[in-house]
Student: 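Questions regarding the structure given below will be posed in turn.
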Amino acid sequence: MPSRSFPLANHLVMRTSDAEYARDRLVSVYGATGFDVPFGGRGFQVHAGHIQVADVGLSYCDYASDTSLVFSESTFVRQIFTISGSAAYSAGRQGEVAEGDCSDVLQSGTPVKFECSSNYRQFVLRIEHAALKRQLGALLGREIGRDVAFRGAAGQSAMRRLQRVVFQFASDFDDLAKSLSPLAASEMSRSLIMDFLVCNEHNYSRELFRTPPTSHLPTTKRVEEFIEANWDKPIDIEQLSAIARVSVRSLFRQFKKDRGHSPAEFARKVRLDRARNMLEGGIEGATVTQVALRCGFQNAGHFAREFRLAFGELPSETLRRGQHERRG
């Protein structure tokens, strides 16, 4: 496993001081159409890593010298999160990002020019525009016709929240990607898209935050039965919306009213129950981490805390008891 000398090092794209090699990787991996460094590349160095989870991509890059990049039109939107240094960008409109800041959302279908200063470090989040429309359609309970047009941040606190989510997403996937179940990976990426839509203002924001109409108790029960039957699969909000025959917002509101929790919290309870059953089975060689990942919990520490709150003991204690009873 590569050294964790920089974020996403376990998903290495390049670590080089060769400007021509960097050019090749930037073109082949990131789709760059232009790349330039001053002084013939003297003093140039770059580290880069990238993860892709369905419609969500996240890249880390740092540049030791001034660097200029150009990207052609794309099917995804971008947002830049600057860790240190400063950079300027042009994507229909111009902007700058300094340490701790993030850019406006750079729309799909628009060429991007990016110029960064020396010793610059960043994350770049990429989300397919079609995925944004699908998730918005599920949230609003109708088909999204117009493209999602972003206007800016929903506020400093919203951007700080999104930044924390992005950084945690990078850390979790760099550490756990090989052991993450498809269930956990899918739900993490879907949750990130939700945060992205909430934290950035767009032409559907007002509708998104408008109070939805109520649904009915049979709807809540139908969705609970579906989750219980499909607990080991990603909980697809579009699918829940179709089953409930209401928008996701209406469904979430009715769940809160009827049950006091959200569908996601209900799914977590079901998965905790399944995890306890597995641990009580005491299968030889099984570990708490394996069970946690199998049941959609990507962080063993968080799983242990939630398990103890739900059942009054640590999952390791349940496993030991189950193995002891199994050996009889």
Side-chain angles (χ1 to χ4, degrees), residues 1-72 74 76-89 91 96-103 106 111-128 162-180 185 188-189 192 298-299:
M1 181 177 291
S3 168
R4 285 296 307 274
S5 58
F6 57 91
L8 301 186
N10 292 332
H11 296 80
L12 185 67
V13 172
M14 58 181 159
R15 183 203 313 251
T16 185
S17 56
D18 184 334
E20 288 307 310
Y21 175 74
R23 184 192 305 277
D24 179 72
R25 298 298 286 162
L26 287 164
V27 170
S28 61
V29 177
Y30 297 116
T33 55
F35 167 71
D36 185 54
V37 291
F39 312 118
R42 291 194 302 274
F44 172 78
Q45 189 175 48
V46 59
H47 302 96
H50 180 78
I51 52 176
Q52 188 72 39
V53 187
D55 296 312
V56 174
L58 184 63
S59 298
Y60 168 84
C61 292
D62 63 51
Y63 300 94
S65 63
D66 293 356
T67 304
S68 177
L69 296 160
V70 179
F71 300 91
S72 61
S74 65
F76 49 80
V77 301
R78 292 180 177 91
Q79 192 163 28
I80 302 163
F81 298 83
T82 297
I83 302 170
S84 63
S86 62
Y89 62 87
E96 295 182 356
V97 280
E99 183 172 338
D101 291 341
C102 63
S103 70
L106 311 184
V112 176
K113 184 175 182 180
F114 182 75
E115 296 182 346
C116 67
S117 62
S118 58
N119 299 314
Y120 178 76
R121 302 168 64 222
Q122 68 172 10
F123 280 114
V124 180
L125 177 64
R126 310 189 325 188
I127 303 177
E128 289 291 335
L162 182 57
Q163 186 180 61
R164 288 194 300 269
V165 169
V166 168
F167 287 14
Q168 188 63 51
F169 186 87
S171 176
D172 287 344
F173 267 91
D174 208 26
D175 289 337
L176 302 171
K178 291 184 179 179
S179 57
L180 275 177
M188 286 171 67
S189 60
L192 178 56
Q298 69 272 13
N299 186 300

Student: Rounded to the nearest 0.5 Å, what separates atom CG in Asp36 from atom CD in Glu115?
Tutor: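 Answer for the CG-CD pair, Asp36 versus Glu115, is 9.0 Å.
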Student: Return yes if a side-chain donor-acceptor contact under 3.5 Å exists between Arg25 and Thr16, otherwise no.
Tutor: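 Per modelled atom types, Arg25 and Thr16 side chains form no pair under 3.5 Å.
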Student: Please step through side-chain contact (heavy atoms from CB on, under 4.5 Å) for the pair Leu58 and Val56, ending with a clear verdict.
Tutor: CA-CA 7 Å; Leu58 184 63; Val56 174; 5.5 Å; no
Student: Going by heavy atoms in the side chains, are Phe169 and Val53 under 4.5 Å from each other?
Tutor: yes
Student: Determine the sole option in His47, Arg121, Gln122 for which the side-chain hydrogen bond (donor to acceptor under 3.5 Å, both in side chains) test with Asp62 is passed.
Tutor: His47
Student: When you measure from the centre of the six-membered ring of Phe35, is the NZ or CZ of Arg23 under 6.0 Å away and within 45° of the axis?
Tutor: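 Geometry flag: not set, cation outside 6.0 Å or 45°.
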Student: What's the separation between atom CD in Gln45 and atom OH in Tyr63, rounded to the nearest 0.5 Å?
Tutor: 12.5 Å
Student: Any side-chain donor paired with an acceptor under 3.5 Å for Tyr120 and Thr82?
Tutor: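 There is such a pair between these side chains.
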Student: How close do Asp55 and Gln52 get, counting heavy atoms only, and between which atoms?
Tutor: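 Closest approach of Asp55 to Gln52: C-NE2, 4.0 Å.
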Student: What closest approach, in Å, do Gly49 and Phe6 show between heavy atoms, and which atom pair accounts for it?
Tutor: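 Closest pair (atom of Gly49, atom of Phe6, distance): N-CE1, 4.5 Å.
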Student: Find the distance between CG (Leu125) and CZ (Arg78) and round it off to the nearest 0.5 Å.
Tutor: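 Going from the CG atom of Leu125 to the CZ atom of Arg78 covers 11.0 Å.
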Student: Should Asp101 and Glu96 count as side-chain neighbours, where that means a heavy-atom distance under 4.5 Å?
Tutor: no
Student: Please find out if less than 6.0 Å separates the ring center of Tyr30 from that of Phe71.
Tutor: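 So the answer is no for these two rings.
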Student: May I ask you to check whether Phe114 and Tyr89 place their ring centres under 6.0 Å from each other?
Tutor: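 Between Phe114 and Tyr89, which both carry aromatic rings, the centre distance is not below 6.0 Å.
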Student: Supply the atom-to-atom distance Ser84 OG to Glu99 CD, rounded to the nearest 0.5 angstrom.
Tutor: 6.0 Å
Student: Parallel, tilted or perpendicular: which describes the rings of Phe123 and Tyr60, with under 30° parallel and over 60° perpendicular?
Tutor: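 Geometry flag for Tyr60 against Phe123: perpendicular rings.
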Student: Is there a side-chain contact (heavy atoms from CB on, under 4.5 Å) between Val77 and Glu128 once you walk through the steps?
Tutor: CA-CA 6 Å; Val77 301; Glu128 289 291 335; over 6 Å; no
Student: Any side-chain heavy atom of Ser117 sitting closer than 4.5 Å to one from Ser86?
Tutor: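 Heavy-atom side-chain distance check passes, below 4.5 Å.
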